[in-house]
Number of protein chains: 2
Amino acid sequence: MTAPEEQTPLWIDAETTVAARPADHKMELRLWLRLLSCSRLIENDIRRHLNAEFDFSLPRFDILAQLDRADEGLVLGEVSKRLMVSAGNITSLVEGLVKSGHITRTTSSGDRRAQIIRLTDKGRREFRRMAKVHGDWIAKYFEQLSQKDIDKLMDLLASLKDSTRETILARQQS
Amino acid sequence: MTAPEEQTPLWIDAETTVAARPADHKMELRLWLRLLSCSRLIENDIRRHLNAEFDFSLPRFDILAQLDRADEGLVLGEVSKRLMVSAGNITSLVEGLVKSGHITRTTSSGDRRAQIIRLTDKGRREFRRMAKVHGDWIAKYFEQLSQKDIDKLMDLLASLKDSTRETILARQQS
DNA sequence: GGAAATTATTTCAAGTCTAAAGCGTTTTTC
DNA sequence: GAAAAACGCTTTAGACTTGAAATAATTTCC
């Protein structure tokens, strides 16, 4: 009895790896690791700069960013969903941002369970100041990519997001 | 005096947004947020499944994954670099993995500052068991993408990684 | 060869994060 | 309209994470 899928081939070339692909999903794994590399590389760098230049943490910045685009404020659950972090996590971050005067927090008049948070003037002012530089940092990461590359990447990541969401949803329903 | 870059245009079309692009880096920001979405979506799902099905944490799994490909073991600093997490973080994870019998830890004979970690038989066995399913999960996320899409994405992310690394390096040197 | 700089790791404090349990509030169901 | 289910948020325990300071070992530089 032989177990070919466990054997290391004597030589590896394009044909071998393509043939091996359906069995062990090597390509997809490499792609995922590469995506994760890019993500961590950029996220770590942003975090470090935000800390060094504005003494502000990335999670706190992320919450302000969500609020800057929402004039009516946002319910906590919505923030949690958009940032893809747990609800319990948001609670303490919001508490800190209220304490530091960047946001306000009100109980919704329609639903007394819901908490609505909004930027204060100070919060908006400080966020905008940071966001300006933040945008420059980010553009720099993409500097070597052409406009065409950027468009294509936008496109492919949109597909990936859809594909992933559907996969996760399908599994939850079964 | 007018401040045109602060005004909200009366109508927004392709031309407007293209014209606005160089100033505020809107496209790059959106691309970064989309990349981050994909990354978090997938990472969160993997973490949940690893916890639920194997009662194992993702950071612990990541360390075993690095070691599985390194027969001679790895120095802690190398693990830290590859996973892009701080050195202080690795210390306690390694301590836990030694305690649970998944890895061993030896002081390097050549450099008594360096700690070399290796998979134990148990560690390798359990990692392989998890890795099999882990590969299947990941392939599923990319299910809706064609082979061509996957290749193109690999390509573009390689460019992005290069571009980002260079940007970060250039800033550190100045 | 010895002082100074660098390197590998650990320790520590503070912050972030999750899952799960708990507490009111609202909605659904009969 | 009351019981049951669902919802929004908070609390808690425990794990992860970072940056900075500390320690020990090695390398560099005169």
Side-chain angles (χ1 to χ4, degrees), chain A residues 36 39-64 73-100 103 105-117 172, chain B residues 36 39-41 43-64 73-100 102-103 105-117 172:
Chain A
L36 189 58
S39 188
R40 285 202 181 160
L41 211 49
I42 295 177
E43 190 168 0
N44 286 346
D45 197 55
I46 294 175
R47 183 166 18 72
R48 268 190 285 266
H49 274 88
L50 217 45
N51 276 325
E53 290 166 38
F54 298 105
D55 193 27
F56 213 81
S57 81
L58 185 51
R60 284 163 58 89
F61 178 86
D62 285 341
I63 291 181
L64 298 193
L74 285 174
V75 179
L76 291 201
E78 186 59 27
V79 177
S80 163
K81 228 180 290 176
R82 292 197 192 179
L83 299 179
M84 299 192 218
V85 298
S86 67
N89 187 13
I90 299 290
T91 299
S92 64
L93 285 168
V94 162
E95 194 183 308
L97 285 167
V98 169
K99 197 168 289 177
S100 63
I103 65 175
R105 169 205 203 105
T106 349
T107 300
S108 163
S109 56
D111 183 342
R112 277 183 309 177
R113 293 170 303 178
Q115 301 292 317
I116 298 171
I117 53 176
Q172 282 170 350
Chain B
L36 189 58
S39 187
R40 284 201 182 160
L41 210 50
E43 189 168 0
N44 285 346
D45 198 54
I46 294 176
R47 181 165 21 72
R48 267 190 286 268
H49 275 87
L50 217 46
N51 276 324
E53 291 166 38
F54 297 104
D55 194 28
F56 214 81
S57 82
L58 185 50
R60 284 162 59 88
F61 179 86
D62 286 340
I63 291 182
L64 298 191
L74 285 175
V75 178
L76 292 200
E78 186 58 29
V79 177
S80 163
K81 228 180 291 177
R82 292 197 192 180
L83 298 179
M84 297 189 219
V85 298
S86 67
N89 187 12
I90 298 291
T91 299
S92 64
L93 286 168
V94 161
E95 193 182 309
L97 285 167
V98 170
K99 198 169 285 177
S100 65
H102 291 91
I103 66 175
R105 171 206 202 103
T106 350
T107 300
S108 163
S109 55
D111 184 341
R112 276 180 313 177
R113 292 169 304 178
Q115 302 291 317
I116 297 172
I117 54 176
Q172 281 171 352

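Proteins get letters first, then strands, A, B, ... in listed order; numbering begins at 1 in each. The shown structure was predicted, so the numbers you read here are calculated from the model rather than taken from an experiment.
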Query - Rounded interatomic separation in angstrom, taking CD from A:E95 and C1' from C:dT16 - result: 14 Å
Query - Sugar-phosphate, base or nothing in reach of A:S92, heavy atoms under 4.0 Å - result: nothing
**Report entry** 5' priority, DNA chain C, between A:S109 and B:R47 [closest heavy atom]
**Finding:** B:R47
Query - Any side-chain heavy-atom pair of B:S108 and B:R113 under 4.5 Å - result: no
Query raised in the report: Just checking, any donor-acceptor pair under 3.5 angstrom between side chains of A:R48 and A:N51?
Result: no
Query raised in the report: Which is true for A:A87 with a 4.0 Å heavy-atom rule: it touches a base, it touches only sugar-phosphate, or it touches nothing?
Result: base
**Report entry** Earlier contact from the 5' end, DNA chain D, for A:R113 and B:R60
**Finding:** A:R113
**Report entry** Euclidean distance, atom CG of residue A:D111 to atom C1' of C:dG24 [Å, nearest integer]
**Finding:** 11 Å
Query raised in the report: Looking for any heavy atom pair under 4.0 Å, which part of the strands does A:L58 touch: base, sugar-phosphate only, or nothing?
Result: nothing
Query raised in the report: In whole angstrom, what separates B:R40's CZ from C:dT16's P?
Result: 13 Å
Report task. Measure from the side chain of A:V75, starting at C-beta and using heavy atoms only, and say which of C:dT9, D:dC9, D:dT18 lies closest. Result -> D:dC9
Query raised in the report: Taking NZ, NE, NH1 and NH2 as the nitrogens, is one of them in B:E43 or B:R47 under 4.0 Å from a carboxylate oxygen of the other?
Result: no
Query raised in the report: Under 3.5 Å, is there a donor-acceptor pair linking the side chains of A:R60 and A:S100?
Result: yes
**Report entry** B:L50 CG - C:dA19 C1' separation (whole Å)
**Finding:** 15 Å
**Report entry** OP1 or OP2 of D:dA24 under 4.0 Å from side-chain N/O of B:R112
**Finding:** no
Report task. Tell me what B:G77 touches on the nucleic acid: a base, only sugar-phosphate, or nothing, going by heavy atoms under 4.0 Å. Result -> sugar-phosphate
Query raised in the report: Ring centroid separation for B:F56 and B:H49, is it under 6.0 angstrom?
Result: no
Requested in this report: Check whether any side-chain N or O of A:N89 sits under 4.0 Å from OP1 or OP2 of C:dT18, and answer yes or no.
Outcome: yes
Requested in this report: Please state how far atom NZ in A:K81 lies from atom P in D:dC7, giving the value in whole angstrom units.
Outcome: 10 Å
Report task. With heavy atoms under 4.0 Å as the rule, sort B:S57 into base, sugar-phosphate or nothing. Result -> sugar-phosphate
Query raised in the report: Which part of the nucleic acid, if any, lies within reach of A:I90 when heavy atoms closer than 4.0 Å are counted: base, sugar-phosphate only, or nothing?
Result: nothing
**Report entry** Separation of C:dT16 P from A:F61 CZ (nearest whole Å)
**Finding:** 15 Å
Requested in this report: Using whole Å, report how far CD1 of B:I63 lies from C1' of D:dA15.
Outcome: 13 Å
Query raised in the report: Looking only at side-chain N and O atoms, does B:R48 come under 4.0 Å of OP1 or OP2 in C:dA19?
Result: yes
Report task. Can you tell me the distance, in whole Å, between the CG atom of A:N51 and the P atom of D:dT17? Result -> 16 Å
